[in-house]
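In what follows, a structure is listed as structure tokens, so that the remarks can point back to it.
Each residue takes its place number in the sequence, starting with 1.
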Amino acid sequence: LAVRSPDPTPPRPWIDPTDHSSPHTAHAPPEPAAATQTHIAARSHRRLRLLLLLARPRPVTARNLAPTPARGGPAIRPMDARRVGGRIAAARRALTGAGAGALPLPVRITNGLAMVSLVLSSCDLLRLCSDPGRPLRFPLGGREFATVVCQLASVVYLLSLFAVPFAQSASARREEGQDGSRRSPAAVAPAPMPDCPDDGDEEIVAAVVSGELPSHRLESRLRDCRRAARLRREALRRITGRGVEGLPFDGIDYEAILGQCCEMPVGYVQLPVGVAGPLLLDGRDYHVPMATTEGCLVASVNRGCRAIAASGGAFSVLLRDAMSRAPAVKLPSAKRAAELKMFLEAPANFEALAAVFNKSSRFGRLQGIQCALAGRNLYMRFTCSTGDAMGMNMVSKGVENVLGYLRNNFPDMDVISISGNYCSDKKATAVNWIDGRGKSVVCEATIKGRVVQSVLKTTVEKLVELNIIKNLAGSAVAGALGGFNAHASNIVTALFIATGQDPAQNVESSQCITMLEAVNEGKDLHISVTMPSIEVGTIGGGTSLTSQAACLNLLGVKGPNHGSPGANARLLATIVAGSVLAGELSLLAALAAGQLVKSHMKYNRSSKDVANAAS
């Protein structure tokens with residue numbers, strides 16, 4: 001393939017501008033017109049080479065499988081099925097105009113044209129073959145030749161649609177051992193190091209570094225998420241001059257990340273996961289997974305679980321289950337905004353609004369609408385049940401439906417934002433503290449006096465006094481908003497990360513008030529935590545990742561509950577509250593007994609770092 005220049009003189013060969021070793025890079029610049037033509041030809045040539053590189057599969061040869069000492073890494077593995085299918089798809093997109101300068105036809109249109117061409121050409125050939133008056137003879141006439149060409153082109157195009165599954169099945173058969181056992185990918189061919197792209201990927205990395213190929217388009221162009229992450233990782237190293245060798249690359253499904261969890265991935269961060277428990281809650285034992293880097297946290301929660309279990313267990317009550325979204329709208333006057341507020345809060349209109357809202361999902365059901373007015377701006381807080389999902393997207397779709405419906409009666413309504421911060425998401429607010437958001441849970445336990453002394457190493461009187469002075473009065477002096485606790489955020493965050501929740505929603509989910517009082521004539525201790533805004537789900541988001549799904553499975557709440565939609569998410573919320581109860585009990589006991597500093601010096605201090613700092 002060559003790029004012809006309109007200049008009658010032979011075009012100069014394209015020279016990579018990044019290749020400073022080339023003797024041609026120092027020549028004097030050509031005349032302006034010739035320079036423009038050379039630049040256009042070079043750019044077109046480079047773009048064409050990149051598209052062809054994305055489209056062509058490399059053959060598996062002895063050179064591909066041989067070690068490559070020059071690159072300092074192991075052997076290059078052969079082309080896998082997904083990469084072959086991805087490059088075929090990239091070639092088809094290039095032919096249909098995805099960056100190749102052809103007509104920008106969608107794939108569904110080209111597929112339809114190919115099917116129509118195949119059917120019409122087949123019918124025409126059958127009619128010609130069955131016509132005794134016009135037998136087919138060679139050489140073919142113009143009409144017969146055009147019919148045969150159309151049919152062959154359609155067949156070749158449609159066969160490319162089945163290249164991916166065929167290649168995948170062939171690859172699977174190659175991985176089967178002769179004895180029927182399945183071999184691991186490492187047994188077929190050693191994989192290259194993540195930071196060392198092979199020769200075929202070099203031009204793609206160079207295109208990303210130069211900006212010719214945007215990094216965020218690698219997945220869509222290559223159709224191989226793992227390969228895209230590997231090449232992006234190498235491009236990042238070349239751009240910044242700093243490697244990310246300590247960032248793990250293997251061991252995660254990059255296909256599961258795409259379009260759901262993270263954009264432009266280059267690896268993942270390792271976090272240790274500890275297990276506290278068993279937590280005896282509502283008559284059942286739960287082993288609680290916690291992802292954290294704070295030493296002493298899992299041990300503290302584990303001690304609280306032991307004290308609760310020795311006293312008969314904890315009990316929980318779920319008060320409310322309603323996710324919220326509050327759009328902000330503006331009307332021409334405050335009077336007009338008040339009219340809309342009264343329309344939304346009128347009981348006679350709720351059934352019609354709920355019917356419009358509920359069309360967005362099988363599980364989203366509108367529960368109520370609460371409005372707040374600020375001048376001519378109106379904030380409408382919709383609350384709804386969301387099944388086993390955390391439900392932010394679900395309630396947002398329902399709100400959009402209602403806003404469209406309201407425009408019929410209020411055409412002068414101007415929608416400012418689908419979220420007006422009256423929801424309120426990822427912020428510590430009074431509306432969440434008072435009205436709740438997500439799951440509102442209360443969890444309590446009565447700890448026997450002997451357990452307080454033997455397990456917690458303190459007394460009931462000291463714990464009650466400490467809670468009043470620290471959690472209640474101290475938080476009030478600080479002006480806390482929903483922070484009347486010792487460290488609820490610690491436990492909530494560790495559980496959220498382990499189970500694939502949104503860690504940023506720890507802000508409102510950690511709003512908690514811890515209450516302690518002496519009972520049974522002062523012999524025993526009653527402890528409770530009230531958490532009005534626990535926002536959790538067991539489907540969607542990070543819950544689909546392998547590690548997080550395993551932690552949900554450990555708790556028995558993985559995925560949706562088909563028999564009772566929403567039951568798994570509600571159970572997870574009670575487990576969060578029960579774990580916070582255990583953590584609050586243990587930390588307050590450590591503070592009352594004066595053991596906090598000693599325990600942190602034992603479990604939360606790295607002797608290695610201290611030795612390095614001293615040296």
Side-chain angles (χ1 to χ4, degrees), residues 219 225 252-265 268-269 271 273 289 291 318 320-326 357-367 382-401 418-419 423-427 432 436-441 492-510 531 533-577:
E219 281 81 4
C225 294
I252 191 170
D253 184 5
Y254 290 94
E255 299 286 346
I257 294 175
L258 182 65
Q260 184 164 346
C261 298
C262 181
E263 298 75 40
M264 296 185 287
Y268 61 97
V269 174
L271 274 178
V273 177
L318 190 137
R320 190 185 300 109
D321 181 7
M323 180 52 63
S324 62
R325 173 61 85 195
F357 185 98
N358 296 343
K359 291 179 181 179
S360 62
S361 171
R362 292 181 299 159
F363 303 105
R365 292 295 177 263
L366 184 65
Q367 296 182 358
F382 293 79
T383 55
C384 78
S385 59
T386 57
D388 284 308
M390 185 270 290
M392 286 295 300
N393 293 333
M394 191 182 301
V395 66
S396 297
K397 290 189 295 183
V399 167
E400 280 192 339
N401 290 347
I418 190 68
S419 174
C423 311
S424 176
D425 187 38
K426 301 179 177 69
K427 287 166 281 292
N432 288 345
R437 188 170 193 256
K439 277 73 174 170
S440 300
V441 182
V492 172
T493 304
L495 257 168
F496 271 30
I497 295 175
T499 58
Q501 311 303 314
D502 188 345
Q505 289 183 326
N506 154 72
V507 176
E508 63 267 36
S509 296
S510 296
M531 305 179 69
S533 306
I534 301 178
E535 300 170 356
V536 294
T538 58
I539 58 174
T543 63
S544 61
L545 298 177
T546 305
S547 303
Q548 287 78 352
C551 292
L552 288 172
N553 187 59
L554 178 64
L555 295 171
V557 294
K558 178 183 176 182
N561 189 311
H562 299 287
S564 177
N568 283 357
R570 291 191 291 268
L571 178 56
L572 178 59
T574 61
I575 294 174
V576 171

inquiry  = Minimum heavy-atom separation for Ala389 and Lys439, please, with both atom names.
reply    = O-NZ, 4.4 Å
Side-chain donor-acceptor pairs of residues 552-575 under 3.5 Å, sequence neighbours excluded:
unit_1: Asn561; atom_1: OD1; unit_2: Gly563; atom_2: N; d: 3.2
unit_1: Asn561; atom_1: OD1; unit_2: Ser564; atom_2: N; d: 2.9
unit_1: Asn561; atom_1: ND2; unit_2: Asn568; atom_2: OD1; d: 3.4
unit_1: Asn568; atom_1: ND2; unit_2: Gly559; atom_2: O; d: 2.9
unit_1: Thr574; atom_1: OG1; unit_2: Leu571; atom_2: O; d: 2.6

key: Arg365 and Cys384: CA distance, side-chain angles, deciding distance, side-chain contact (heavy atoms from CB on, under 4.5 Å) verdict   = CA-CA 5 Å; Arg365 292 295 177 263; Cys384 78; 5.7 Å; no
task = Grab the two heavy atoms, one from Gln260 and one from Gly540, that are nearest each other, plus how far apart they are.
result = NE2-C, 4.0 Å
request  = Check step by step if side-chain contact (heavy atoms from CB on, under 4.5 Å) holds for Thr499 and Gln548.
outcome  = CA-CA 5 Å; Thr499 58; Gln548 287 78 352; 5.8 Å; no
message = So, taking the atom named CZ in Phe382 and the one named SG in Cys423, what distance separates them when rounded to the nearest 0.5 Å?
response = 11.0 Å
query = Could you state the interatomic distance from CZ (Arg320) to CD (Gln367), rounded to the nearest 0.5 Å?
reply = 9.5 Å
query = In this structure, are over 12 heavy atoms from other groups packed under 6.0 Å from Asn401 atom CG?
reply = yes
inquiry  = Whether the Thr493 and Asn506 side chains hold a donor-acceptor pair (N or O, under 3.5 Å, no angle test) is what I'd like checked.
reply    = yes
key: For the student: nearest non-hydrogen atoms of Met531 and Ala577, plus distance   = SD-CA, 3.8 Å
inquiry  = Between Thr543 and Met390, is the side-chain contact (heavy atoms from CB on, under 4.5 Å) condition met? List the steps.
reply    = CA-CA 10 Å; Thr543 63; Met390 185 270 290; over 6 Å; no
task = Ignoring hydrogens and angles, state whether a donor on the side chain of Ser424 or Glu508 is under 3.5 Å from an acceptor on the partner side chain.
result = no
task = Could you pull out all residues at least two apart from Ser419 that satisfy side chain to side chain donor-acceptor pair (under 3.5 Å)?
result = Arg325
Which atom of Gly542 lies closest to which atom of Cys261, heavy atoms considered = CA-SG, 4.1 Å
request  = Give the minimum heavy-atom separation between Pro265 and Tyr254, together with the two atoms involved.
outcome  = CG-CD2, 4.1 Å
key: side-chain contact (heavy atoms from CB on, under 4.5 Å) partners for Ala256, two or more places apart   = Asp253, Leu545
Gap between atom OG of Ser385 and atom CE of Met394 - 0.5 Å precision = 8.5 Å
query = Between Glu535 and Arg437, is there a side-chain N and carboxylate O pair less than 4.0 Å apart?
reply = yes
inquiry  = Treating Ser509 as the side-chain partner and Gln505 as the backbone partner, does any N or O pair qualify as donor plus acceptor under 3.5 Å?
reply    = yes
ask   = Ignoring hydrogens and geometry, is there a side-chain-to-backbone donor-acceptor pair from Lys427 to Asp425 under 3.5 Å?
value = yes
key: Nearest atoms (heavy-atom pairs only) where Ile497 meets Ala291   = CG2-CB, 3.7 Å
Spatial distance of atom CD1 (Ile257) from atom CD (Glu219) [nearest 0.5 Å] = 9.5 Å
Student check: side-chain heavy atoms of Phe357 and Val395 closer than 4.5 Å = yes
request  = Start with the C-alpha distance between Phe496 and Asp502, add both sets of side-chain angles, then the distance that settles side-chain contact (heavy atoms from CB on, under 4.5 Å), and finish with yes or no.
outcome  = CA-CA 7 Å; Phe496 271 30; Asp502 188 345; 5.8 Å; no
